[in-house]
Amino acid sequence: MSQFIEGARRALLLGTVNPDGTANLLEWGSPITENPAAGATEIWEMTNFTDHTHPIHVHLVQFEVINRQPIGGSTRPPEDWEAGHKDTVLVFPMETTRVKARFDRAGLFVWHCHIIDHEDNEMMRPYRIG
Ligand SMILES: [Cu+2]
């Protein structure tokens, strides 16, 4: 599952990555694109094409930070202070951040940037477990 973050004229948006690596910008009301099975473990790749760091929060799930990879660069391990289970991760500019989550609770939830001005301007997406 590949997500990404891209700047747009109107707002910073979340979305998905097209097969050719380009952006597929999505708004709050766009159809759900993240739909893990209940009980599934998935690695989510979040690529940030903006020049801001975004603290991305995935509701109702705990995850581990696996690694980070600058676009076109090599992976590096999580920061020392990122060990253990988390529900929010810093996604740095021009990098892919990978997290591993077990989606154990079926239902409709959201994932979003935790900067208020961003989440209030469509930098929030629904996702469904099960
Ligand atoms: Cu943000």
Side-chain angles (χ1 to χ4, degrees):
M1 179 97 26
S2 290
Q3 291 76 26
F4 83 103
I5 300 163
E6 172 64 286
R9 259 173 303 165
R10 191 162 63 79
L12 294 162
L13 295 172
L14 302 173
T16 57
V17 178
N18 294 313
D20 66 358
T22 59
N24 179 32
L25 293 171
L26 298 169
E27 298 178 332
W28 169 251
S30 302
I32 288 174
T33 49
E34 287 72 42
N35 182 208
T41 297
E42 292 192 353
I43 293 176
W44 282 20
E45 298 184 328
M46 296 182 273
T47 301
N48 181 354
F49 293 104
T50 76
D51 55 5
H52 307 282
T53 295
H54 299 277
I56 299 296
H57 177 41
V58 185
H59 277 216
L60 269 296
V61 73
Q62 300 254 299
F63 54 75
E64 296 168 74
V65 183
I66 302 298
N67 61 32
R68 290 192 175 82
Q69 185 171 13
I71 295 169
S74 305
T75 59
R76 67 174 192 281
E79 307 297 328
D80 291 341
W81 43 267
E82 290 184 304
H85 288 90
K86 309 174 64 64
D87 64 9
T88 302
V89 64
L90 294 176
V91 182
F92 299 123
M94 304 308 290
E95 288 190 352
T96 297
T97 297
R98 294 184 181 86
V99 300
K100 183 169 82 174
R102 183 165 186 275
F103 297 90
D104 51 3
R105 215 175 313 195
L108 183 62
F109 306 108
V110 299
W111 64 287
H112 64 89
C113 178
H114 230 309
I115 296 173
I116 300 283
D117 286 349
H118 293 177
E119 65 181 285
D120 282 354
N121 285 283
E122 298 263 346
M123 201 168 182
M124 180 177 296
R125 291 278 298 142
Y127 82 99
R128 185 184 300 282
I129 302 175

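Just so you know, residue 1 is the first one in the sequence shown, and it goes up from there.
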Visitor: Of all the heavy-atom pairs spanning L90 and T97, show the shortest one and how long it is.
Guide: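 That would be O-OG1, 3.8 Å.
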Visitor: Rest of the hydrophobic cluster containing L108 (Ile/Leu/Val/Met/Phe/Trp/Tyr, side-chain heavy atoms under 4.5 Å)?
Guide: I32
Visitor: Give me the atom names and distance for the closest heavy-atom approach of L13 to E27.
Guide: CD2-CG, 4.3 Å
Visitor: Would you indicate whether D20, at its atom CG, is surrounded by more than 12 heavy atoms from other residues, nucleotides or ligands within a distance under 6.0 Å?
Guide: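 Counting neighbours around CG of D20, more than 12 heavy atoms of other residues, nucleotides or ligands fall under 6.0 Å, so yes.
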Visitor: In Å, rounded to the nearest 0.5 Å, how long is the span from CZ of F49 to CG of L25?
Guide: 10.0 Å
Visitor: Please round to the nearest 0.5 Å and tell me the distance separating atom OG1 of T41 and atom CZ of R102.
Guide: 5.5 Å
Visitor: Taking only residues two or more places apart in sequence or in another chain, which ones pass side chain to side chain donor-acceptor pair (under 3.5 Å) with R105?
Guide: none
Visitor: Taking side chain as C-beta onward, heavy atoms only, is W44 less than 4.5 Å from I56?
Guide: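 Counting from C-beta outward, W44 and I56 never come under 4.5 Å.
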Visitor: Taking only residues two or more places apart in sequence or in another chain, which ones pass side chain to side chain donor-acceptor pair (under 3.5 Å) with R125?
Guide: T33
Visitor: Apply side-chain contact (heavy atoms from CB on, under 4.5 Å) to residues V89 and E82 and explain how you reach the verdict.
Guide: CA-CA 9 Å; V89 64; E82 290 184 304; 4.1 Å; yes
Visitor: Which heavy atom of T53 sits nearest to which heavy atom of N48, and what is that distance?
Guide: CA-ND2, 4.2 Å
Visitor: When rounded to the nearest 0.5 angstrom, what distance separates CD1 in I129 from CD in E34?
Guide: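 These two atoms lie 11.5 Å from each other.
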Visitor: Do D117 side-chain atoms and N121 backbone N/O form a donor-acceptor pair below 3.5 Å?
Guide: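 Pair absent, no side-chain N/O of D117 close to backbone of N121.
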Visitor: Which pair of non-hydrogen atoms, one from T47 and one from I71, has the smallest distance, and what is that distance?
Guide: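 For T47 versus I71, the nearest heavy atoms are CG2-CD1, 3.9 Å.
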Visitor: Output the distance between atom OG1 (T88) and atom NE2 (H59), rounded to the nearest 0.5 Å.
Guide: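 Here the rounded value is 8.0 Å.
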Visitor: Ring-plane angle category for H57 and H112, please: parallel below 30°, perpendicular beyond 60°, tilted otherwise.
Guide: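 Perpendicular: the ring planes of H57 and H112 meet at over 60°.
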Visitor: Any chance you could measure F109, atom CZ, to R128, atom CZ, to the nearest 0.5 Å?
Guide: 10.0 Å
Visitor: To the nearest 0.5 Å, what is the distance between CD (E122) and CG (L12)?
Guide: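 Separation between the atoms: 11.5 Å.
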Visitor: What residues, two or more places apart in sequence or in another chain, satisfy side chain to side chain contact (heavy atoms under 4.5 Å, CB included) together with R76?
Guide: R68, P70, E79, F92, E95
Visitor: Applying ring pair (Phe, Tyr, Trp, His ring centres under 6.0 Å), can you list everything that pairs with H118, at least two apart in sequence or on another chain?
Guide: H54
Visitor: What residues join V110 in its hydrophobic cluster, counting side-chain heavy atom gaps under 4.5 Å, either direct or through other members?
Guide: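 Answer for V110: W28, M124.
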